[in-house]
Amino acid sequence: MHPKISGYRMINITFPDNRIKQYESGTTGLEIARSISEGLARNVISVKINDEVWDATRPITFDARIKLLTWEDEEGKGTYWHSSAHLLAEAVELLYPGVKFGIGPHIESGFYYDIDFGDYTISSEDLPKIENKMLELAREKQLFSRKEVTKQEALEYFSQKGDEYKLELINDLADGQITFYESGKFTDLCRGPHLADTSQIKAVKLLNIAGAYWRGDEKRKQLTRIYGITFPKQKELTDYLVLLEEAKKRDHRKLGKDLELFFFSQKVGMGLPIWLPKGTLLRERLEMFLKRVQKKAGYQQVICPHIGNVELYKTSGHYQKYGESSFHPITTPVPGEEFFLKPMNCPHHCEVYKSKPRSYKDLPVRIAEFGTVYRYEQSGELHGLTRVRGFTQDDAHIFCTPEQVKDEFKGVMDIVMLIFKALDFKEFITQISLRDKNNKEKYIGSDENWDKAEKAILEVAEERGLKTVIEYGEAAFYGPKMDFMVKDALGRKWQLGTIQVDYNLPDRFELEYIGNDNQKHRPVMIHRAPFGSMERFVAVLLEHTAGKFPLWLTPDQAIILPISEKYQKYAEKVLSLLNNSDIRAQIDDRNEKAGKKIRDAELMKIPYMLVVGEKEEGEGTVSVRRQGQGDLGPQKIDDFIHFLNEEVKKELGEIL
RNA sequence: GCCGAUGUAGCUCAGCUGGUAGAGCAGCUGAUUUGUAAUCAGCUGGUCGGCGGUUCGAAUCCGUCCAUCGGCUCCA
């Protein structure tokens, strides 16, 4: 630290451990880091001043709390990757003069930049060239320098450059809060912060190239988005790429094929999954599990047809909103008669509710169905089992009094949590989706009802102490909702469970119950699907478990491996004993050596392999091998049955 | 739907700048009767995604359509 010179104002800097140190006004975060240690100064990326992230080189002129951010901090990584996006832009501008730039933010892993390449055509083959340029520029140790500019200056700069995207962004900003960042020959409109210089960027990988609409609006021009990631060490990049490869091995589309769970047929149609025998076994067990839970919770199962008359959807309001962009209606020999493949189960369930008069004493009425629905998703949207055109919702609709809404909502949340626990989903995001308050015409139903519904959800989340993310404008058109999202192997977020409060459909269907005042009242409806859909749930479950399902769920719990044909009879005896005890097993009776059978069973991820040969037949035992763990030694058949049933109980014991 | 890439046997993949298709696994047949992650041999199997075009000649070049993959947009 500089010696104190009279006339310099001192400022108090508070560190995360609440220690306070004095520095001269105008000291930078980097200098503060250096005052602690040279090593820290080398690693500091940016600094958090109070609640704002700053450049490490920006002078601090007031008392503040400080946190020095490094690669270990999420915000530090953010700064690092955002600076990398600038480096990408600079490289691109040098290689392709005259290109125009959209935005270039950091993301969870890495960064991207949206670029209008004009007349250049760019493909993934061009990426290595850009990577090399980036590395070359990084080594030049270019300083990132921050400059405050007036709106006028900003507009002039980008008018001259001819970048209409930046001009549009600047026009949305207020004068007095516009900053430019300059690195090398590249100047960008940017709030910052940035690295001190580019030399900290040591390893660069541009991952892929994609189209992205300017400002996310499909009516506007599509820019070219380049995704990339950078690291301070080459080793970290290598590790990251290995991790990506590993993640791909968990892809549910690959595992679904390998484990013979499901497949798609071009002849049947895109986005229409076909469940194979093993996948069906798995799915049926999931359904049985939820049916048991729901029976306990007072649900009643129903079964409805797969099509519904157009009048049903006119009543529900879905026809007006989705009629055109959906599967087209099914016509009949009767002129004017139209049916729709059902895109959701709620209208049918409203009719179930209406099938007889309801008393307040009957409520809540909980109507459940594993309902298969069909939606015409855009072709580019389809993705394995996670986004399909035909799928089965573990749907239910709860009809209750307004007073019961909160309790019912809580009851549903308990079921979701139970499922997540049974299947070991520890990391999930709970999102509350509310209305976009500035764009209310997107939604149907009264303001008053919306406010009531939104309030109920927020209160329940609060009472349950659930950590939530609130998203405005993400609500369904008929009501607010709470969704549970889980990430797949590659970090993409998928919505699984959903709970939606709906004050609108009961109105449209004129649903009623007789209250204790002998008057007619309108029930409230709660839509809910704890799995979301069987397809998506199984997809995410596959990626979480890498195909090693819990014992209670897995299609085959055991496989019997006779050493040779001589022991076929004995194998069959073992199988029938297992089957009698409700253990799902099969025999590998191929003319193969034991090693081969074991290898194949390991690859099919069957939890228990039971080797039987001369010794086992003589002693009435099986030699047990656990998938992924190896030989556990011989056990009496009855002991193994008992052991396996106990294992299943351990998994489900507390839950059921 | 949009941008970009890909499409060879059931699966995983090879096939240089155009000369008429190949491996491993799987399957079938036979031999072997096997002890904790691949027994050996033989055989079958492909209008090289579909359709057009250029060419003496196309898996290879061009166009178009379809499907898949990575994103964008969308997701009742």
Side-chain angles (χ1 to χ4, degrees), chain A residues 112 114 117 121-127 207-227 248 251 253-254 257-258 263-267 269-271 313 316-323 325-326 342-347 373 375-384 386-389 391 393 444 474-479 481 483 490 492 494-495 498 500 502 505 527 533 536 561-568 591-603 609-616 623-634:
Chain A
Y112 66 80
D114 284 348
F117 275 91
T121 43
I122 190 105
S123 78
S124 44
E125 287 170 27
D126 301 303
L127 297 179
L207 296 159
N208 48 44
I209 197 159
Y213 298 105
W214 171 234
R215 307 206 114 178
D217 184 344
E218 65 179 322
K219 289 179 195 71
R220 305 197 63 177
K221 186 162 175 153
Q222 195 160 46
L223 308 180
T224 303
R225 176 171 296 179
I226 299 179
Y227 285 91
K248 279 185 194 150
D251 191 312
R253 291 165 296 189
K254 176 175 161 44
K257 197 182 270 175
D258 291 350
F263 82 108
F264 291 89
S265 148
Q266 289 189 21
K267 268 209 174 115
M270 62 165 106
Y313 300 107
S316 70
H318 291 108
Y319 178 78
Q320 292 84 324
K321 194 161 168 84
Y322 293 102
S325 59
S326 192
K342 74 176 171 184
M344 77 293 296
N345 302 299
C346 10
V373 297
R375 297 177 182 177
Y376 191 78
E377 306 290 2
Q378 295 188 86
S379 59
E381 268 312 314
L382 301 174
H383 183 97
T386 50
R387 194 74 186 274
V388 287
R389 285 182 171 171
F391 57 99
Q393 296 178 307
I444 60 176
E474 289 292 312
F477 76 91
Y478 53 74
K481 56 182 181 171
D483 294 323
L490 288 172
R492 293 177 288 222
W494 296 100
Q495 177 211 308
T498 180
Q500 314 178 356
D502 185 351
L505 271 190
H527 309 244
S533 79
R536 185 175 287 179
L561 310 179
I563 290 292
S564 83
E565 277 168 23
K566 289 187 215 154
Y567 313 105
Q568 178 67 14
N591 179 9
E592 294 287 354
K593 297 175 89 165
K596 169 74 167 165
K597 293 183 182 183
I598 285 168
R599 177 181 158 78
D600 288 347
E602 287 278 349
L603 292 175
M609 285 149 268
L610 308 177
V611 179
V612 295
E614 188 180 357
K615 199 175 67 191
E616 288 78 10
S623 280
V624 181
R625 180 187 168 103
R626 172 80 222 204
Q627 199 272 347
Q629 290 175 23
D631 196 354
L632 301 181

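By convention in this document, chain letters (A, B, ...) are assigned in the order of the sequence lines, proteins followed by strands, and residues within each chain are numbered from 1.
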Using both distances under 3.5 Å as the test, list the Watson-Crick or G-U wobble partner of B:G7, or none. B:C66
Is there a side-chain polar atom (N or O) of A:Arg253 under 4.0 Å from OP1 or OP2 of B:C69? yes
Is the phosphate of B:G71 approached by A:Arg492 (side-chain N or O, under 4.0 Å from OP1 or OP2)? yes
Distance between P atoms of B:G57 and B:A26 (Å, rounded): 42 Å
Reckon A:Glu616 touches a base, only the sugar-phosphate, or nothing at all at heavy-atom distances under 4.0 Å? base
Indicate whether OP1 or OP2 belonging to B:U12 is found under 4.0 Å from a side-chain N or O atom of A:Lys254. no
Strictly below 4.0 Å: does A:Lys615 bring a side-chain N or O up to OP1 or OP2 of B:G35? no
Return no unless some side-chain N or O of A:Lys257 is found under 4.0 Å from OP1 or OP2 of B:U12. yes
My understanding is that a pair needs two contacts under 3.5 Å, Watson-Crick or G-U wobble. By that rule, which nucleotide pairs with B:C13? B:G22
Spell out yes or no: do the side chain of A:Tyr376 and the base of B:G1 have one donor N/O and one acceptor N/O closer than 3.5 Å? no
Rounding to an integer number of angstrom, what distance separates B:A58 and B:G15 when you compare their C1' atoms? 14 Å
Going by centres under 5.5 angstrom and planes under 30 degrees, do the aromatic ring of A:Tyr322 and the base ring of B:A76 stack? yes
Look at A:Ser379 and B:G1 and indicate whether a side-chain polar atom (N or O) is within less than 4.0 Å of OP1 or OP2. yes
Could you encode protein contacts along nucleotides 25-32 of chain B as a string, one character per nucleotide from 5' to 3', using B for base contact, S for sugar-phosphate-only contact and - for no contact, with a heavy-atom cut-off of under 4.0 Å? -S----BB
Using Watson-Crick geometry (N1-N3 plus N6-O4 or O6-N4) or G-U wobble (N1-O2, O6-N3), each under 3.5 Å, B:G46 is paired with none
Paired with B:U60 by Watson-Crick or G-U wobble geometry, both distances under 3.5 Å: which nucleotide is it? none
Once you apply the 3.5 Å cut-off to both distances, tell me the Watson-Crick or G-U wobble partner of B:U33, or none. none
Could you let me know what B:U55 is paired to, Watson-Crick or G-U wobble, both distances under 3.5 Å, or none if it's on its own? none
OP1 or OP2 of B:A76 less than 4.0 angstrom from a side-chain nitrogen or oxygen of A:His527, does that happen here? no
When we call it a touch if two heavy atoms are under 4.0 Å apart, what does A:Ala210 touch: a base, just sugar-phosphate, or nothing? base
NA contact type, A:Gln266, heavy-atom cut-off 4.0 Å: base, sugar-phosphate, or nothing? sugar-phosphate
Check side-chain contact (heavy atoms from CB on, under 4.5 Å) between A:Phe117 and all other residues, then give those that pass, not counting sequence neighbours. A:Val92, A:Tyr96, A:Val99, A:Ile115, A:Tyr120, A:Ile122, A:Thr224, A:Ile226
Measure the acute angle between the ring planes of A:Trp494 and A:His383, then classify it against the limits of 30° and 60° as parallel, tilted or perpendicular. tilted
